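Notes follow the structure.
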Amino acid sequence: MILVTGATGTVGRAVVDRLRALGQPVRALTRRPETAGLPGDIEVVRGDLGVPEDISAALTDVDRVFLLTAGPEIPGHDANLAAAAAASGVRRIVKLSSGRVDDATATDPIPAWHRAGEAAVRESGIPWTMLRPLGFMSNALHWAGAVRAQDTVLAPFGQGRIAVVDAGDIAAVATESLIGAGHEGRSYTLSGPQALSPGEQTEILAEVLGRPLRYVETAPAEARAALLSFGVEPEMADAIMALRATALESFTSVVHPAVEAVTGRPPRSFREWAVEHRAEFAA
Ligand SMILES: NC(=O)c1ccc[n+]([C@@H]2O[C@H](COP(=O)([O-])OP(=O)(O)OC[C@H]3O[C@@H](n4cnc5c(N)ncnc54)[C@H](OP(=O)(O)O)[C@@H]3O)[C@@H](O)[C@H]2O)c1
């Protein structure tokens, strides 16, 4: 049995769908099974990664774990899972980490949280694989409201380029790491096929949507205020803004070979992602 945490989120849901399509036994963890929206044939368990008893119960008969944690709780939740997994005989953990972990110069909160989480997983003694994606293509969904209402992409750090990656490709690497051989003790930095600035992403979106869009660079303070207006906690908003600022560094614009090396096919392009999500940007 494979336990998937973060199963209702962007990457975790894609991992559930892939494992299900392959006929693998999956158990999905969520704090709210009633609104999880997972397929009816998936075993869904209620659990909070902050509650060790919940995790121990969810790990019954589990031999592999896809570990997704988020926000300032990453170190504590990863440590909780790692300890319970070691006690219950789990034989493999695939942790969703952050590409910035690999950047020695990164001192902002999110890579620091993931470094601590990775350390807890390694110290558990359970064979592990670390997935370290750069920015997600799906972050562009934050632009959808302004695109729908004003044909405008509002985003800070216009000079920054990120080799954004599709959540489906992260899930494909996760699935292979969970069920394939040779991934133990490996850390994969995951990128898409091309580094893009927000302006270049705007051009691609406009072509796909078939209508002109403009890119307007916002001040970081405006972008932070927008996060708060979406209900993001101030500590998390500061961490996200610190991470976004690093788009101006060269690290995030490097294209990495791991998606193709692990899955045998090239990573999906932002254009393919945009075609799949065009309805969310429709006027
Ligand atoms: N966005 C990026 O560009 C990017 C880039 C690199 C790495 N990452 C990393 O990717 C991860 C986020 O992935 P995502 O965007 O797929 O997540 P997401 O869509 O934000 O979903 C978060 C998931 O975490 C679960 N969750 C939150 N608190 C929980 C708790 N206390 N107990 C149990 N489950 C809990 C939620 O489940 P319920 O609400 O159903 O309980 C939900 O399924 C983070 O670790 C982030 O650092 C993101």
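When a ligand or atom number is given, it counts from 1 through the structure's own listing order. Given the structure is predicted, the values throughout are model-derived calculations rather than measurements.
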Checklist entry - Side chain, backbone, both or neither: which part of Leu134 has a heavy atom under 4.0 Å from ligand 1? => result backbone

Item to check | Sub-3.5 Å N/O-N/O distance, Gly6 and ligand 1 | outcome: yes

Residue-ligand contact [X]/ligand 1, heavy atom below 4.0 Å:
X      : result
Ala167 : no
His77  : yes
Gly47  : yes
Gly99  : no
His114 : yes
Leu96  : yes
Gly135 : yes

Using a 6.0 Å cut-off, check whether atom [atom1] of [X] has over 12 heavy atoms from anything other than its own residue.
X      : atom1 : value
Arg214 : CZ    : no
Glu276 : CD    : yes
Gln159 : CD    : no

Please list, in number order, the atoms of ligand 1 under 4.0 Å from a heavy atom of [X].
X     : result
Arg32 : 39 (O)
Thr69 : 11 (C), 44 (C), 45 (O)
Ala7  : 43 (O)
Val11 : 16 (O)

Checklist entry - Can the positive tip of Arg122 be found less than 6.0 Å from the middle of the six-membered ring of Trp128, inside 45° of the ring normal? => result yes

Item to check | Derivation of the side chain to side chain contact (heavy atoms under 4.5 Å, CB included) call for Leu3 and Arg64 | outcome: CA-CA 6 Å; Leu3 179 71; Arg64 287 158 289 170; over 6 Å; no

Next on the checklist: Nearest non-hydrogen contact with atom 40 (O) of ligand 1 belongs to which option: Ile74, Thr30, Val165, Val101?
Outcome noted: Thr30

Item to check | Atom of Val165, atom of Pro133 and distance for their closest heavy-atom approach | outcome: CG1-CB, 4.0 Å

Checklist entry - Counting only non-hydrogen atoms of the protein, does one fall under 4.0 Å from atom 20 (O) of ligand 1? => result no

Next on the checklist: Quick one, Thr263 with Asp169, criterion side chain to side chain contact (heavy atoms under 4.5 Å, CB included). Give me CA distance, side-chain angles, the key distance, then yes/no.
Outcome noted: CA-CA 8 Å; Thr263 68; Asp169 285 333; 5.9 Å; no

Checklist entry - According to the interplanar angle, ranging from 0 to 90°, do the rings of Phe251 and His256 count as parallel (below 30°), tilted (30 to 60°) or perpendicular (above 60°)? => result tilted

